[in-house]
Amino acid sequence: MPLPTSKPAGRPLVIAHRGYSGVAPEHTLRSYELADQAGADYLEQDLQMTSDGVLVVMHDSTCDRTLREKDGTPCRGEVIRHTLAELRVLDAGRWFNERNPDRARDEYIGLKVPTLEEVFITFGHSARYYIETKNPEEAPGMEEELLRLLRAYKLTDQVESPPRVILQSFSSESLRKLHALDPSLFLVQLLDEVEQEGVEALMMEIAEYANGIGPHSTSVDEKVVLAAHDAGLVVHPYTVNDPEEMRRLQRIGIDGFFTDYTPLALRTLEAGV
Ligand code: G3P
Ligand code: CA
């Protein structure tokens with residue numbers, strides 16, 4: 001039986017890693033808009049929680065790297081020690097221009113950290129979401145709040161294929177909790193590396209609560225793909241920006257991958273192996 005997200009477009013799914021983050025500040029609405037316009041199958045969100053319990057979309061647990069005060073001073077400290085109001089006055093785009101002068105754009109200055117709700121309001125049902133619970137052990141209630149928002153925006157209807165929403169985490173505890181809260185959620189277990197030894201048993205264990213794996217791309221080979229598929233799991237490696245690596249993964253039968261460069265990925269996959 002075909003796996004539920006297996007190549008609906010006749011090619012692996014393209015997951016816009018932090019949006020079109022190769023050319024725009026990661027996890028800003030602009031980055032998502034560019035990825036969406038380029039034809040990404042999924043927009044990825046990494047979740048952090050503020051001190052007042054709001055889910056915001058940021059990769060790092062601290063604000064130092066991607067947030068700046070108006071005068072350019074880097075923000076300091078953990079996201080979970082800041083209120084939403086404190087984060088929203090900060091600039092989430094300026095760092096990108098500083099770090100990437102060749103890709104800098106004036107329009108990136110002044111971009112804000114989006115809340116997850118704002119992402120749902122902006123894109124609604126016109127996009128698919130691939131949402132990661134980050135550091136969930138530091139943010140009790142993250143899973144419940146995520147599910148509340150998904151339900152409020154009617155995004156938990158999983159009859160679609162591929163699903164409107166995929167949830168991912170490195171934390172098996174977080175995924176098991178989500179599975180217990182709603183067994184119909186489509187879940188992906190992220191993995192740093194996949195050891196060849198015992199890979200079949202690992203896949204069977206993950207299949208108890210999840211629908212796929214998201215391994216680091218360099219640890220994925222035919223054996224891993226076969227073991228995952230035999231266990232009924234899709235394989236979505238991260239983060240793939242090199243066309244040769246995209247073609248290798250396509251040849252060995254992966255079901256999708258994360259990339260910072262959606263247009264490059266689509267061009268490469270559509271050209272075939
Ligand atoms: O979620 C897949 C990939 O994004 C994991 O790496 O650190 O970019 O969240 P990271
Ligand atoms: Ca991620």
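Side-chain atoms are counted along with the backbone in the values below, which use heavy atoms only and exclude waters and symmetry mates. Both ligands and their constituent atoms are indexed starting at 1 by order of listing.
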Does an N or O anywhere in Thr239 fall below 3.5 Å from an N or O of ligand 1? no

Spatial distance of atom OG1 (Thr156) from atom CG (Leu181) [nearest 0.5 Å]: 12.0 Å

Closer than 3.5 angstrom, by distance alone: can the side chain of Glu44 be matched with the main-chain N or O of Ile15 as a donor-acceptor pair? no

Is there a side-chain contact between Asp255 and Leu13, using heavy atoms and a 4.5 Å cut-off? no

Which of the ligand 1 atoms, numbered from 1, are nearer than 4.0 Å to a heavy atom of Gln168: 1 (O), 2 (C)

Find all atoms of ligand 1 within a distance of less than 4.0 Å from any non-hydrogen atom belonging to Arg18, and give their numbers and elements. 7 (O), 8 (O), 10 (P)

Atom pair OG1 (Thr133) and CD (Gln48), whose distance is rounded to the nearest 0.5 Å: 10.0 Å

Would you check if there is a donor-acceptor pair between the side chains of Ser174 and Glu143 at a distance under 3.5 Å? yes

Atoms (protein N, O or S; no water) under 3.0 Å from the Ca ion (ligand 2): 3

Using a 4.0 Å cut-off to any heavy atom of Glu44, which atoms of ligand 1 qualify? 1 (O), 2 (C), 4 (O)

Thr50 vs Thr83, side-chain contact (heavy atoms from CB on, under 4.5 Å): CA-CA, chis, key distance, verdict: CA-CA 5 Å; Thr50 64; Thr83 63; 5.7 Å; no

Rounded at 0.5 Å granularity, tell me how far CZ in Phe96 sits from CZ in Arg30. 12.0 Å

Taking only non-hydrogen atoms of Leu190 and a 4.0 Å limit, the atoms of ligand 1 in range are 1 (O), 2 (C)

Non-hydrogen atom of His236 closer than 4.0 Å to ligand 1: no

Which of the atoms in ligand 1, numbered in the order shown and given with their element, are less than 4.0 Å from a heavy-atom of Lys134? 7 (O), 9 (O), 10 (P)

Among all protein heavy atoms in this structure, tell me which lies nearest to atom 10 (P) of ligand 1, with the distance rounded to 0.1 Å. His59 NE2, 3.3 Å

Any side-chain heavy-atom pair from Met246 and Leu264 closer than 4.5 angstrom? yes

Apply side-chain contact (heavy atoms from CB on, under 4.5 Å) to Leu43 and Gln45, showing your working. CA-CA 7 Å; Leu43 305 178; Gln45 290 80 36; 3.6 Å; yes

Please assess His125 against Tyr153 for the test side-chain hydrogen bond (donor to acceptor under 3.5 Å, both in side chains), listing each intermediate value before the final yes or no. CA-CA 9 Å; His125 281 242; Tyr153 287 88; over 6 Å; no

Does an N or O anywhere in Tyr238 fall below 3.5 Å from an N or O of ligand 1? no

Within a distance under 4.0 Å of any heavy atom of Asp46, pick out the atoms of ligand 1 and give their elements. 9 (O)

Name the closest protein heavy atom to atom 4 (O) of ligand 1, giving the residue it belongs to and the distance to 0.1 Å. His17 NE2, 2.8 Å

Quick one: are Ser217 and Leu249 in side-chain contact, heavy atoms under 4.5 Å? yes

